[in-house]
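Here is the structure we will look at.
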2 protein chains.
Amino acid sequence: MSRKTPSPKSERILDVAEELFAQRGYDGVTLRQIATGAGVDVALASYHFGKKLDLFNAVFQRRAVELNEARLNALRSCQDQSGPDGPDVEQIIEAFLRPLEIAQETGDQGWTHYLALIAYVNNSPYWGQKMMSKLFDKLVLEFIEALRRALPGARDEDLYWCYHNLSGALTLTLAQTGRIDKLSGGKCQSSDFRAAYDHMIPFTAAGFREVCNGGKR
Amino acid sequence: MSRKTPSPKSERILDVAEELFAQRGYDGVTLRQIATGAGVDVALASYHFGKKLDLFNAVFQRRAVELNEARLNALRSCQDQSGPDGPDVEQIIEAFLRPLEIAQETGDQGWTHYLALIAYVNNSPYWGQKMMSKLFDKLVLEFIEALRRALPGARDEDLYWCYHNLSGALTLTLAQTGRIDKLSGGKCQSSDFRAAYDHMIPFTAAGFREVCNGGKR
DNA sequence: TTGTAAATTCAACGCTTGTTGAATATGCTG
DNA sequence: CAGCATATTCAACAAGCGTTGAATTTACAA
């Protein structure tokens, strides 16, 4: 094997850090809280990952490759199944969103925390730009290109603003703040990604068509 | 006057705290940074506002009333101008968003920072639910009721999920992360709220109609 | 000008923070 | 078992944290 197997305790550190960083942000979490949560001495985090910032980056990178692959596969899959004109807007957005149900499917709570961490980073003026681009720009630009094909004649500016709207709706979903639960009196649940995407897909698809294609179907 | 005039230095503390909290979050900012930025001793913040958390709350509440009034006025105004069926979806969303251009209109950078702070709070699993509800639920529910009238027969669940999508797109805009600037190669600018809303209004209006009204116009 | 209350600074406290070097435990190889 | 590298803990550090009580300045009314 080219990559050495990480010790189980270092994995637990990553798991706990992932959850706490997602809830409270980088500065809201101390290495001691992480160590305590992982049942480990404080110094161990430094030993395995170096500085606190390195640990943060390690957490953020850990699941990025797998996530990108899942979403890219979904895009390729719907592209293969589509006709000569390529997939339509709904299919592309579906490929963009559905792989994010991975937490519910696998039952791995870690994925839920990771997605909330992405939401934290993506919405942060301080972390956002630098950290997101490095790991996700390539994938995002592929999706935007697919959308461009599905929306012939769309202006660049319109396309990017529409993606921005989609990204925002998604980000707030991933953050799982529980606000929609309260507002709706329990009729909607932040934890129900399925329901969120069931609504987000037709919502944003209609938005893309309206703005980029004059509402034509 | 019923309310005593705040000292100019306490205002500067609020201004600086507003900007720093918006950029780095509650835990990412120290009272000493705030004091230094305001050109003031560190003890002065405690003297005027109490604990650090009290200062945070003071910052968050300071502009809330004025903002709510501006948005409510915009809603009432478009309701008064509309026919017996009430304003349509575009007009309601316009009333929801346009008052947020207040920063550009007044040239007061403080408003920009405040809106970024709202984005931080709204997207935070820790702060979001508690702090947002208290100050903004009443207003939001009024807008949702107006939207319900404009979308006859809409199911509650659909209505709230659509609002969630609108809220997410708005939140990411207010955060001003600069990500859309980079992604679009400079064609879109985070700081251009006008352009953001010009796209967000038709985008989300089409989404509401698609999800809540079967796409009917 | 003097008196008084508010505003502001000064100086310091007890605690927590991230980080590190040395000591110990663990697991594997021969 | 011996030896050794890796993993983990222990103990401590210097720096920075929020907070507070006392001292000082400022603003203003009498």
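Labels below follow one simple rule: chain letters A, B, ... track the order of the sequence lines, proteins then strands, and each chain is numbered from 1. These numbers were taken from a predicted model, which means no experiment stands behind them.
Counting non-hydrogen atoms under 4.0 angstrom, A/Val42 reaches a base of the nucleic acid. In this structure, A/Ser46 reaches the bases: a heavy-atom distance under 4.0 Å links it to at least one base atom across the strands shown.
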Inset, instruction - Using the side chain to side chain donor-acceptor pair (under 3.5 Å) rule, take B/His199 and A/Asn165 through it: C-alpha gap first, then chi angles, then the decisive distance, then the call. - result: CA-CA 9 Å; B/His199 289 84; A/Asn165 291 333; over 6 Å; no
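In this structure, B/Tyr163 has its ring center no closer than 6.0 Å to that of B/Phe143. Residues B/Phe56 and B/Phe21 place their aromatic rings such that the two centres sit under 6.0 Å apart.
Atom pair A/Leu31:CG and C/dT19:P shows a separation of 6 Å (rounding to whole Å applied). For B/Lys9 and D/dT25, the NZ to P distance is 14 Å, given to the nearest whole Å. Rounded to an integer number of Å, the gap from NE2 of B/His48 to P of C/dA5 is 18 Å. Atom CZ of B/Phe49 and atom C1' of C/dA7 are 13 Å apart (whole Å). A/Gln33 has its CD atom 12 Å from the P atom of C/dT16, to the nearest Å. At whole-Å resolution of the value, CG in B/Leu44 and P in C/dA11 are 16 Å apart. In this structure, B/Asp41 places its CG atom 12 Å from C1' of C/dA12, rounding to the nearest Å. In this structure, the CZ atom of A/Arg32 is 9 Å from the C1' atom of C/dT19, given to the nearest Å.
Under 4.0 angstrom from either OP1 or OP2 of D/dT8 there lies no side-chain N or O belonging to A/Tyr47. Distances shown here put every side-chain N or O of B/Lys52 at or beyond 4.0 Å from the OP1 or OP2 atom of D/dC17.
Proximity note for B/Ala43 (side chain, C-beta onward) versus D/dG18, C/dG21, C/dC10: the nearest is C/dC10.
Under the 4.0 Å criterion applied to side-chain N and carboxylate O atoms, A/Asp108 and A/Arg63 are assigned as salt-bridge partners.
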